[in-house]
Amino acid sequence: MIQFQPKRVKEILNFRESPKEKENRITGQYAHEADNKIYYQVYGSKNDPEIHVAEYDGEKYVKPDNNCVLKGSLAAHNFRVFVDTNPNSTTRLKAVGGFHTSYPHPHLNASDNLDILDCHDPVWPNLGKKRFVIDKKHPAHANGLYIFESEDGKKWTTINEKPVLSDFTLCKDRWGDLPIGTMASDTLPTAFYDHNISSYVLYTRANIKLGVRHVLRTTSKNLINWTQPTLIQCSPAFDSRHDNLYYSGVYPYPKEDFYIAFPPHFKNIIKDAEGHHREYYNEKTLVMVSRDGIQWKTIGEMFVHDGSNPEWGGHMRAPHVLGFKIIDDKVLLHVHEHFLTFENKMVLYTLEKEEFEGLIKNALNSIP
């Protein structure tokens, strides 16, 4: 197992500057870079999320006045922007976001009510849950994942009238179908146009059961019709009792035909039926590679939380890799430090490209 040691370079974005940014400890969650902009969540005192943006001016990321680009939508819980490199695309920027829930919900207007149906819950199977129907558009995008588009990265509209995926989407693993309700919205999805297969790819969360999170993969030619989401395959094998891949962290490797991922990982032991008492351990960021985006091999790790850094404060506050790119001879990682605190920020880390690529390609050669 390779122990990657990225170099901490500098802070690139402080999530705690404006009065509203200082109100809620969730602010900054799932920040990510796209088109020289960093998109990040801001939660006010009412726990009502918005998406704000900081723009790169050639030297640093700057927050413009009135920099809120999405509000009044539950898509702000998991909004993920990407540059659409499909040669047939007519819009430069796309995004995926949306939450599947039902009433009562503190951020939904009862006048916008839709019909609701029973939906299995693999996390709390004995409680049951209700979900909005998916055959209508919800004004707050509360009945599944929607696809958004924009030319400037600030004004966003949906390209489809209905959600494209939801809790009612049937998912599967290698051996058969998973229960309805396995696909979850409470995550950072990954989406991009994959030139290797001439399709869009989406990775999102699978809630397998209480304390166990996995990753689903699905593809689409048009961003509306998607294949059945399927669990990725992991080597070493995923432990379905205790493992957690908190989100996928997948990126197509630039100018290559393989993929790399930096998923936050931890193990979770549930000590009571209600899930109130847990033990977290083996907390780290994995470095995984794949030739096809389906079968993944863990080749290394970074940001290992071994108890020696008390500032991390557990798996949720350990550094999370939320951006990856290569410029000249450097691998650049955008890392969220001190998540779930009021001192969280985005920080630039680097690795040497030649050494990093050599390790990656040697690992790929060992994959059958």
Side-chain angles (χ1 to χ4, degrees), residues 1 24-26 28-30 43 47 77-78 99-102 104-106 118-131 167 171 173-176 178-188 204-216 231-249 261-286 288 296 298 301-321 336-344:
M1 185 74 68
N24 193 306
R25 71 190 185 106
I26 302 295
Q29 180 179 229
Y30 299 149
Y43 283 73
N47 202 32
H77 280 283
N78 55 6
F99 216 76
H100 204 173
T101 184
S102 68
H105 191 284
D118 291 324
C119 183
H120 176 76
D121 189 340
V123 176
W124 306 104
N126 297 325
L127 297 182
K129 63 181 177 182
K130 304 286 187 179
R131 289 295 181 258
D167 279 14
C171 304
D173 61 17
R174 294 176 61 187
W175 301 277
L178 297 165
I180 292 292
T182 301
M183 197 188 82
S185 306
D186 56 335
T187 186
L188 177 68
T204 190
R205 175 177 293 170
N207 282 345
I208 301 298
K209 61 182 180 181
L210 180 61
V212 178
R213 302 166 177 87
H214 207 328
V215 175
L216 291 160
L231 292 182
I232 63 170
Q233 300 171 30
C234 301
S235 176
F238 183 87
D239 181 351
S240 60
R241 300 168 301 165
H242 303 298
D243 267 348
N244 286 263
L245 297 178
Y246 199 60
Y247 55 80
S248 65
F262 303 94
H265 169 274
F266 59 92
K267 286 185 178 289
N268 196 348
I269 296 178
I270 307 298
K271 295 189 171 183
D272 62 354
E274 293 76 24
H276 298 317
H277 300 91
R278 309 184 184 200
E279 178 182 343
Y280 298 107
Y281 66 102
N282 204 17
E283 303 147 358
K284 63 188 73 174
T285 292
L286 302 181
M288 304 175 73
W296 289 86
T298 299
E301 56 192 27
M302 60 177 67
F303 302 125
V304 177
H305 179 41
D306 58 3
S308 62
N309 187 346
E311 292 182 352
W312 288 2
H315 78 281
M316 292 295 290
R317 297 180 188 175
H320 291 179
V321 176
H336 189 170
E337 291 187 347
H338 305 299
F339 175 49
L340 285 184
T341 75
F342 287 91
E343 298 178 353
N344 58 327

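All figures in this text were calculated on a predicted structure; none of them were measured in a lab. Here, residue 1 is the first one in the sequence, and each next residue gets the next number.
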Legend entry - Distance-minimising heavy-atom pair for Lys209 and Ser240: CE-O, 3.0 Å
Legend entry - Minimum heavy-atom distance His120-Lys129, with the two atoms named: O-CE, 3.1 Å
Inset, instruction - Check whether any side-chain N or O of His265 sits under 3.5 Å from a backbone N or O of Asn282 as a donor-acceptor pair, and report yes or no. - result: yes
Inset, instruction - Please step through side chain to side chain contact (heavy atoms under 4.5 Å, CB included) for the pair Val215 and Phe238, ending with a clear verdict. - result: CA-CA 10 Å; Val215 175; Phe238 183 87; over 6 Å; no
Inset, instruction - Please work out which of the three classes, parallel, tilted or perpendicular, describes the rings of His320 and Phe339, given edges at 30° and 60°. - result: tilted
Legend entry - Pairwise side-chain contact, Thr298 with Met288, heavy-atom cut-off 4.5 Å (strictly under): yes
Legend entry - Any donor-acceptor N/O pair, Ser102 side chain to Lys130 backbone, under 3.5 Å: yes
Inset, instruction - Mark yes when over 12 heavy atoms from residues, nucleotides or ligands other than Glu274 sit less than 6.0 Å from its CD; otherwise mark no. - result: yes
Inset, instruction - Could you tell me the separation between the CZ atom of Phe342 and the CZ atom of Arg25, rounded to the nearest 0.5 Å? - result: 7.5 Å
Inset, instruction - Start with the C-alpha gap between Leu178 and Leu231, add the side-chain angles, then the distance that decides, and say whether side chain to side chain contact (heavy atoms under 4.5 Å, CB included) holds. - result: CA-CA 9 Å; Leu178 297 165; Leu231 292 182; 3.9 Å; yes
Legend entry - Asp272 (side chain) donor-acceptor with His277 (main chain) under 3.5 angstrom: yes
Legend entry - Heavy-atom pair of closest approach, residues Tyr247 and Pro263: O-CB, 3.1 Å
Inset, instruction - Measure the spacing between CG of Asn78 and CG of Leu188 and express it to the nearest 0.5 Å. - result: 8.5 Å
Inset, instruction - Look only at the side chain of His100 and the backbone of Asp167, and say whether a donor-acceptor pair between them is shorter than 3.5 Å. - result: yes
Legend entry - Between OG1 on residue Thr101 and NE2 on residue His77, distance to nearest 0.5 Å: 8.5 Å
Legend entry - Gap between atom CE of Met1 and atom CD of Glu301 - 0.5 Å precision: 5.5 Å
Legend entry - Pairwise side-chain contact, Asn24 with Gln29, heavy-atom cut-off 4.5 Å (strictly under): no
Inset, instruction - Mark yes or no for whether His305, through its side chain, and Lys284, through its backbone, hold a donor-acceptor pair below 3.5 Å. - result: no
Inset, instruction - Name the orientation class of the two ring planes belonging to Tyr30 and Tyr246 (parallel below 30°, tilted from 30 to 60°, perpendicular beyond 60°). - result: tilted
Inset, instruction - Mind running side chain to side chain contact (heavy atoms under 4.5 Å, CB included) on Arg205 and Leu216 for me, showing each step along the way? - result: CA-CA 6 Å; Arg205 175 177 293 170; Leu216 291 160; over 6 Å; no
Legend entry - Point-to-point distance, once rounded to the nearest 0.5 Å, from OG1 of Thr187 to CG of Asn207: 8.5 Å
Inset, instruction - Indicate the atoms forming the closest heavy-atom contact of Pro122 with Pro125, along with that distance. - result: O-CD, 3.7 Å
Legend entry - Heavy-atom pair of closest approach, residues Ser248 and Ala261: O-CB, 3.6 Å
Inset, instruction - For side chain to side chain contact (heavy atoms under 4.5 Å, CB included), just list the numbers for Cys234 and Leu245, CA-CA rounded to whole Å, side-chain angles, deciding distance to a tenth of an Å, and then say yes or no. - result: CA-CA 11 Å; Cys234 301; Leu245 297 178; 4.2 Å; yes
Inset, instruction - Say whether, by atom type as modelled, one donor and one acceptor occur between the side chain of Asn244 and the main chain of Arg213 under 3.5 angstrom. - result: yes
Legend entry - Closest contact, heavy atoms only, Cys119 versus Gly181: SG-CA, 4.1 Å
Inset, instruction - Look up atom CH2 in Trp296 and atom CG in Leu286, then write down how far apart they are to the nearest 0.5 Å. - result: 11.5 Å
Legend entry - Atom CZ of Arg241 with >12 non-hydrogen neighbours under 6.0 angstrom: no
